[in-house]
Amino acid sequence: MVYHDAAMTHVLQPVSASEDCRVPGPLRTHIDLIEAIGQPLVIIDRSGVIVYWNRAAEAAFGWRREEMIGQSIVSLSDRPGWRRRLSRALNTVVQHGRWSGELIAERRDGVDASVLVSASLWRIDPEGVEFIVGIATDISRQKRIEARLRRHAAVQRQHAIDLRQRLQQQLTDVRLANHMLSKEITERISAEQKLRFQATLLAAVSQAVIATNLSSEIIYWSQSAERIFGWSEPEMIGCHVFDLVAESQDDALIAEMRATVAAGRTWEGELTLVRRNGTTFPAFVTVAAIYDDQQQRSGAIGIISDMTDRKRDRQALADANARLQEVNADLRLSRDLLHTIVDNLDDALALIDGNGVIQATNRQFARLFDALPDALPGKPCTEICPAIAPIVSRTLSSGLKSSGRVQMHRVSGETAILDVYSIPLSDADEAQRAVLRLVDVTERLQLEAIVRQNERLAMSSRLAAIVAHEINTPLQSIQNYLYLLRSHGSEQSAEFLDLVSDEICRVSGLLRRLLDLHRPGDGSIELIDCNAVIERVLLLLGGALAGNGIHVERSLATQLPRVSGQRDALTQVMLNLVLNAVDAMPYGGVLHITTRSANETLDRSPIPCVQIIVEDTGPGITPDLQERIFDPFFTTKPHGSGLGLTVSRQIVEQHGGTLRVQSAPGRGATFIITLPMAADADADGAFQEQENAADGGGRLIGGV
Ligand code: ADP
């Protein structure tokens with residue numbers, strides 16, 4: 001509670017006797033105390049008349065003491081409710097002795113004065129007079145502040161309410177805005193993604209993409225356009241699109257394009273365009289109109305493909321096609337040529353499928369089987385040529401070459417001897433087929449037989465000369481002995497006759513050996529001891545060898561395995577070789593003959609063989625002649641036939657063997673015969689056809 005300084009001054013000044021004339025007697029003794037309180041103090045009697053009004057009350061309400069003493073306390077305010085509240089307070093004091101509470105009095109200047117009043121009943125004994133003493137505390141300022149605070153609080157409350165409402169509204173707005181924003185963001189993101197995707201697409205396509213407005217000014221220039229034309233986007237935006245057309249381009253085509261697009265249709269065609277570096281290039285152009293939101297034509301979009309590479313590729317393709325045509329023509333020619341060659345080959349050819357059915361043949365094949373060329377395909381081998389079918393089926397089952405010699409009776413009744421070669425043929429799909437080659441060797445074999453016969457005759461005449469020479473010697477001896485017999489009497493006759501008889505025995509022995517050796521064979525196959533053949537040849541030619549001063553050395557293997565073959569044919573070979581050695585050593589030398597068993601590779605793998613090696617110490621054979629000496633009619637001798645070695649090699653090969661020569665000039669010549677050892681299974685002398693013959697020569701077969 002704040003007291004006015006002036007009020008305090010009043011309080012400190014005591015009431016004078018004149019001034020407190022109405023103050024009841026008992027009070028007067030307490031005046032100093034009452035004034036010292038410093039708070040407004042009013043004393044009323046039971047009828048409510050003010051009997052004391054201290055200075056603080058003067059200061060608080062503005063009424064002076066002399067104005068208020070004697071006045072009813074009721075008259076202090078005429079505000080509504082004052083009387084009622086005042087009488088209630090006074091009654092409470094009377095009944096209960098005290099009351100405290102707030103009252104709103106009225107100051108002299110008409111302003112309400114809120115006071116907190118504490119009133120108590122004061123009885124003055126013994127007189128029994130009662131007064132009510134009220135002490136007030138001015139709380140007007142406090143009340144004003146409270147009222148102001150209340151108003152302020154109300155305003156604040158209202159503000160808070162308004163604020164909350166505004167906040168709610170704003171929150172709703174924000175939420176709405178947020179929703180709209182997120183929707184917009186989503187749409188924008190998807191639009192951006194779409195745009196980015198379109199941009200990526202446009203960047204990825206190899207064609208240039210160019211968009212223009214209605215004035216034909218470029219508004220979009222893709223990365224590919226930059227790549228194709230060489231100008232960058234900033235350089236081209238706003239430029240006139242027709243500046244890209246080469247001057248050489250036909251204007252009519254451009255006009256047609258503009259008209260087509262203006263009519264809302266798509267135009268496609270080839271134009272010549274120009275690059276930044278000034279070069280022109282052929283382009284395939286597609287142009288279409290573009291429209292705005294209102295479906296109004298707003299420009300055009302063009303897609304441009306650089307045709308340079310494609311044109312070059314097209315040209316390359318055309319060139320390749322032309323080349324292919326040429327190759328095809330060549331191939332056709334080659335095929336026709338091949339057909340012609342195959343059809344005109346002396347050999348009969350047929351293609352056999354995996355089931356042994358003939359697929360195709362050449363003319364010679366059909367001729368061999370006395371059939372029309374188209375009649376054989378589709379027929380099984382077993383039906384057309386039963387003797388050949390096993391050789392073909394070996395190839396089809398093993399995938400290896402197979403060969404043999406067969407005898408065939410032709411429709412005409414003739415007998416043909418065929419060398420059969422079955423060669424495997426694998427397709428891309430691995431199906432096994434075979435090419436069948438038939439060589440008709442009938443004529444050749446007949447010729448060979450004639451040649452052999454001739455050679456035999458030639459050799460016979462040589463032998464005859466040798467034998468004549470050998471017979472001449474004993475005959476001369478006989479003549480000499482007969483002359484001596486005639487001139488020397490009978491005592492020596494018996495001795496001379498014995499000598500004559502010896503010489504005649506020599507002659508007859510020689511003739512017997514000659515007959516023995518040269519008795520024509522029956523051509524049958526037998527097991528032959530090569531050592532025995534050699535011995536018989538050496539026995540026959542022993543005189544000639546000795547007469548030429550040729551010393552014979554033998555290294556003949558004991559237990560030499562036998563070979564299968566024709567005895568007289570092998571004897572002929574040995575005769576040839578020994579006679580050639582005799583011819584090679586006219587002034588003497590050494591003839592060394594060796595026999596041995598060996599493992600030799602005659603076909604593919606080493607097999608047990610018998611080898612006969614005929615070695616002389618003659619002049620030898622130069623390397624360039626070593627193969628030629630086997631050619632028919634090659635001879636270096638004045639009266640030679642040049643057939644001896646040809647026939648010898650043929651005979652050896654027909655026995656499945658080989659005949660080779662090794663020689664160095666001046667070091668003699670060595671002829672090596674290699675013959676397959678007779679197999680036990682073949683001990684009966686039969687020759688079987690063998691797989692995979694290494695060369696075209698025929699082999700001896702049973703019955704040939
Ligand atoms: P011909 O004996 O009738 O000449 P061949 O075919 O037997 O026929 O021999 C061919 C040729 O081989 C002979 O002319 C000779 O030049 C040569 N020739 C054969 N054997 C020998 C040999 N042992 N030494 C040197 N040359 C030989």
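Ligands are counted one by one from 1 in listed order, and the atoms in each one are counted from 1 as well. Only this structure's heavy atoms are used, side chains among them; waters, hydrogens and symmetry mates stay out. Sequential numbering from 1 along the given sequence is applied to the chain's residues.
Between Gly644 and ligand 1, a contact under 3.5 Å exists for at least one N or O pair. Taking any N or O of Thr646, backbone or side chain, none lies under 3.5 Å from an N or O belonging to ligand 1. Considering backbone and side-chain atoms together, Lys637 places an N or O closer than 3.5 Å to an N or O of ligand 1.
Checking Thr395 against Ser422 by side-chain atom types alone, a donor-acceptor pair falls below 3.5 Å. No side-chain donor-acceptor contact under 3.5 Å links Glu535 and Asn531. For the residue pair Gln662 / Thr670, no side-chain donor-acceptor distance below 3.5 Å is found, with atom types taken as modelled.
Scanning all protein heavy atoms for the shortest distance to atom 4 (O) of ligand 1 gives Thr635 OG1, 2.5 Å. Among protein heavy atoms, atom 16 (O) of ligand 1 sits closest to Thr636 OG1, 2.3 Å. The protein heavy atom nearest to atom 6 (O) of ligand 1 is Leu645 N, 2.8 Å. Here the protein heavy atom with the shortest distance to atom 25 (C) of ligand 1 is Ile621 CG1, 3.6 Å. Nearest protein neighbour of atom 24 (N) of ligand 1, counting heavy atoms only, is Ala584 CB, 3.5 Å. Protein heavy atom closest to atom 23 (N) of ligand 1, with residue, atom name and distance, is Asp616 OD2, 2.8 Å. Among protein heavy atoms, the minimum distance from atom 10 (C) of ligand 1 is reached at Phe634 O, 3.2 Å. Nearest to atom 12 (O) of ligand 1 among the protein's heavy atoms is Ile629 CG2, 3.5 Å.
With hydrogens and angles disregarded, a donor-acceptor distance shorter than 3.5 Å links the side chain of Thr617 to the backbone of Val590. A donor-acceptor pair under 3.5 Å links the side-chain atoms of Thr442 to the main chain of Ile417, judged by distance alone.
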**Request:** Apply side chain to side chain contact (heavy atoms under 4.5 Å, CB included) to Arg567 and Arg536, showing your working.
**Result:** CA-CA 12 Å; Arg567 183 183 303 276; Arg536 285 204 307 162; 3.6 Å; yes
**Item:** Stepwise side chain to side chain contact (heavy atoms under 4.5 Å, CB included) test for Leu577 and Ile673
**Value:** CA-CA 10 Å; Leu577 297 183; Ile673 301 169; 3.6 Å; yes
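Contact atoms of ligand 1 toward Gly640: 3 (O) (distance under 4.0 Å to a heavy atom of the residue).
Applying the salt bridge (Lys or Arg N to Asp or Glu O under 4.0 Å) test to Arg410 and every residue at least two apart in sequence or in another chain returns Asp370. The salt bridge (Lys or Arg N to Asp or Glu O under 4.0 Å) test applied to Asp347 returns Arg437, not counting sequence neighbours.
Ligand 1 is never approached by Asn576 to a heavy-atom distance shorter than 4.0 Å. Heavy atoms of Phe671 come nearer than 4.0 angstrom to ligand 1 in at least one pair. Judged by the shortest distance from any of its heavy atoms, Gly642 lies inside the 4.0 Å radius around the atoms of ligand 1.
Taking all atoms of both residues into account, the shortest heavy-atom contact from Ile550 to Ala581 is CD1-O, 4.5 Å.
Closest heavy-atom approach to atom 19 (C) of ligand 1 among the candidates Thr622, Leu591, Asn580: Asn580.
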